[in-house]
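Report on the following structure.
The figures that follow rest on heavy atoms only: side chains count, while hydrogens, waters and symmetry mates do not.
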Amino acid sequence: MTYSPADIASPITIGHYLNGSTVTPAAGRSQQVFNPATGAVSSHVALASSAEVDAAVASAQAAFPAWSDTPPIRRARVMFKFLELLNKNKDHLAHLITAEHGKVFTDAQGEVSRGIDIVEFACGMPQLLKGDFTDQVSTGIDNWTLRQPLGVVAGITPFNFPVMVPMWMFPVAIAAGNCFVLKPSPIDPSASLYMAELFKQAGLPDGVFNVVQGDKEAVDALLVHPDVKAVSFVGSTPIANYIYETGAHHGKRVQALGGAKNHMVVMPDADLEQAVDALVGAGYGSAGERCMAISVAVLVGDVADKLIPMLKARAETLVIKNGVHLDAEMGPIVTGIAHKRITGYIDLGVEEGAELLVDGRTFTGAHAGEGCENGFWMGGTLFDHVTPNMRIYKEEIFGPVLGCVRVKDLAEAVDLINAHEFGNGVSCFTRDGHVAREFSRRIQVGMVGINVPIPVPMAWHGFGGWKKSLFGDMHAYGEEGVRFYTKQKSIMQRWPESIGKGAEFVMPTAK
């Protein structure tokens with residue numbers, strides 16, 4: 001079944017994708033799916049039971065022997081066809097994202113494009129799987145390594161990137177020879193089924209890619225299932241910690257990417273127009289619902305007095321409307337629950353003594369346009385004189401709230417950022433090459449941008465933070481993603497003519 005924005009406006013039930021077919025349970029638990037712009041219920045999504053998770057894993061397990069034995073070049077050909085279909089249908093995927101997540105259509109297009117980058121990377125899997133070979137490591141003995149797939153692997157993905165984040169995982173895993181079970185967010189589930197359908201059209205055998213919609217019951221079933229060999233996760237830090245500990249306890253490989261509090265340092269020599277544009281786009285784009293969103297501006301020296309009036313004026317003139325409009329800069333908050341949480345943080349910031357310069361709470365659905373009166377609307381919020389002891393500084397808000405912290409010099413900025421428990425992304429705007437180099441080397445953060453506000457690495461580099469932003473040893477996608485979804489095997493070989501007579505009782509050595 002193909003879903004379109006028109007379909008989402010009708011009362012459908014969104015189900016699972018098992019063994020090559022869409023499955024809508026006749027009964028069982030479900031959850032409402034909203035259009036955030038209007039607040040209307042657009043559909044319902046089934047919530048998988050542990051038995052349905054077992055069925056998905058069994059389907060993947062049954063498909064694994066044949067798929068893992070398929071030559072990598074033939075797996076890559078399926079991936080190339082999938083890439084072709086994605087490019088042909090990328091705007092359709094973007095419409096699905098906007099309809100259920102609420103981010104503006106142009107941002108959704110960007111999300112899809114960044115996901116497609118990973119598929120392009122995965123098309124090179126035959127090269128990425130090449131091992132090492134050493135001739136004559138000892139007399140008559142050769143040694144080589146190869147990488148083999150793990151088996152059934154799972155991905156648990158968040159609402160904020162329903163296309164890109166799953167694509168951080170399943171293209172690499174599947175191209176490497178694994179079979180995959182995806183558990184997307186129930187908040188915006190339609191894109192996952194559409195990607196599964198395109199994969200089938202590309203020639204992927206049934207059972208290699210499965211989707212189970214669900215909540216904690218489905219997550220826990222995947223974490224304890226003996227046939228699931230590895231789990232990838234992106235979400236909040238408390239859940240990432242839970243995923244890591246539970247999965248590792250049950251003998252699985254785990255990469256669990258957690259929360260963030262991303263800073264952008266603005267040096268006195270920075271181009272202020274560029275810095276303001278960067279802060280507005282990175283702070284309020286996608287309504288701040290990005291794990292790489294800038295939520296703290298660290299203003300060095302006297303730059304604050306010059307930049308803040310410019311930033312305030314820009315935040316007050318954000319174009320906030322239904323994301324289907326191409327001139328929209330920011331859409332609604334994803335759910336009513338998220339809206340309430342973000343509002344609570346703004347209230348808290350005022351109580352804590354931060355100076356509220358722009359109050360996003362005053363923006364309502366009536367301002368967003370016709371039909372948006374009941375949507376989950378909020379404007380961009382700007383605080384000045386935020387201090388490190390405030391909760392709005394320490395905690396991840398995950399909304400369009402930008403706080404400004406004033407520091408005297410670069411050293412204080414670096415110390416401030418390094419003291420934070422999160423270490424996902426950071427940026428520094430400067431014209432000074434020495435400052436840029438020192439900042440890049442001294443900062444204890446996994447992804448660094450110099451005059452780049454959102455330094456999400458490209459497909460061949462890999463994504464991951466430090467400290468409480470990452471649980472596990474390997475980053476998502478890139479070459480580390482290939483290593484995560486494969487296991488190395490070392491083979492030593494010799495033939496009878498070169499084998500000496502008699503038993504050897506000492507450790508083998510090079511001879």
Pair Arg361 + Asp347, salt bridge at N-O below 4.0 Å | yes
Side chain of Glu111, backbone of Met164: donor and acceptor closer than 3.5 Å?
-> yes
Without swapping roles, check the side chain of Gln148 against the backbone of Lys489 for a donor-acceptor pair under 3.5 Å.
-> no
Would you check if there is a donor-acceptor pair between the side chains of Asn89 and Tyr194 at a distance under 3.5 Å?
-> yes
Any donor-acceptor N/O pair, Trp377 side chain to Cys372 backbone, under 3.5 Å | yes
Give the C-alpha distance, both sets of side-chain angles, the deciding distance and a yes or no for salt bridge (Lys or Arg N to Asp or Glu O under 4.0 Å) between Asp415 and Arg442.
-> CA-CA 9 Å; Asp415 289 344; Arg442 304 298 177 191; over 6 Å; no
Could Asp473 and Arg253 be called an ion pair, given the rule that one side-chain N must be under 4.0 Å from one carboxylate O?
-> no
Find out whether Asn424 and Phe463 are in side-chain contact, i.e. whether some heavy atom of one side chain is under 4.5 Å from a heavy atom of the other.
-> yes
Lys103 and Asp188 ion-paired at < 4.0 Å | no
Ser469 (side chain) donor-acceptor with Gly423 (main chain) under 3.5 angstrom | yes
When the ring planes of His420 and His263 are compared, do they come out parallel, tilted or perpendicular, using 30° and 60° as the limits?
-> perpendicular
Is it the case that Thr98 and His95 place a side-chain donor and acceptor less than 3.5 Å from each other?
-> no
Aromatic rings Phe159 and Phe398: how do their planes relate, parallel, tilted or perpendicular, breaks at 30° and 60°?
-> perpendicular
Output yes when a side-chain donor or acceptor of Asn451 lies under 3.5 Å from a complementary backbone atom of Thr430, and no otherwise.
-> yes
Can any side-chain N or O of Asp432 pair as donor or acceptor with the backbone N or O of Asp269 at less than 3.5 Å?
-> no
Ile116 backbone acceptor or donor facing Asn87 side chain under 3.5 Å | no
Verify, without hydrogens or angle tests, whether Asn262 (side chain) and Cys291 (backbone) share a donor-acceptor contact under 3.5 angstrom.
-> yes
Flag if over 12 foreign heavy atoms under 6.0 Å of NZ, Lys468 | no
Answer yes if the side chains of Glu396 and Thr237 hold a donor-acceptor pair under 3.5 Å, and no otherwise.
-> no
How would you list, by chain and number, every residue that makes a ring-ring contact (aromatic ring centres under 6.0 Å, His included) with His225, sequence neighbours excluded?
-> none
Does the cation-pi check pass for Lys340 over Phe376, that is, NZ or CZ under 6.0 Å from the six-membered ring centre and within 45° of its axis?
-> no
Do Glu395 and Tyr345 meet the criterion of a side-chain donor-acceptor pair at a distance under 3.5 Å?
-> yes
In chain order, what residues pass the side chain to side chain donor-acceptor pair (under 3.5 Å) check against Glu480, with sequence neighbours excluded?
-> none
Using the ring-ring contact (aromatic ring centres under 6.0 Å, His included) rule, pick out the option among Phe484, Phe161, Tyr477 that qualifies with Trp168.
-> Tyr477
Just checking, is any N or O donor in the side chain of Asn389 or Thr387 under 3.5 Å from an acceptor N or O on the other one?
-> yes
Return yes if some donor-acceptor pair links the side-chain N/O of Asn178 with the main-chain N/O of Leu150 below 3.5 Å, else return no.
-> yes
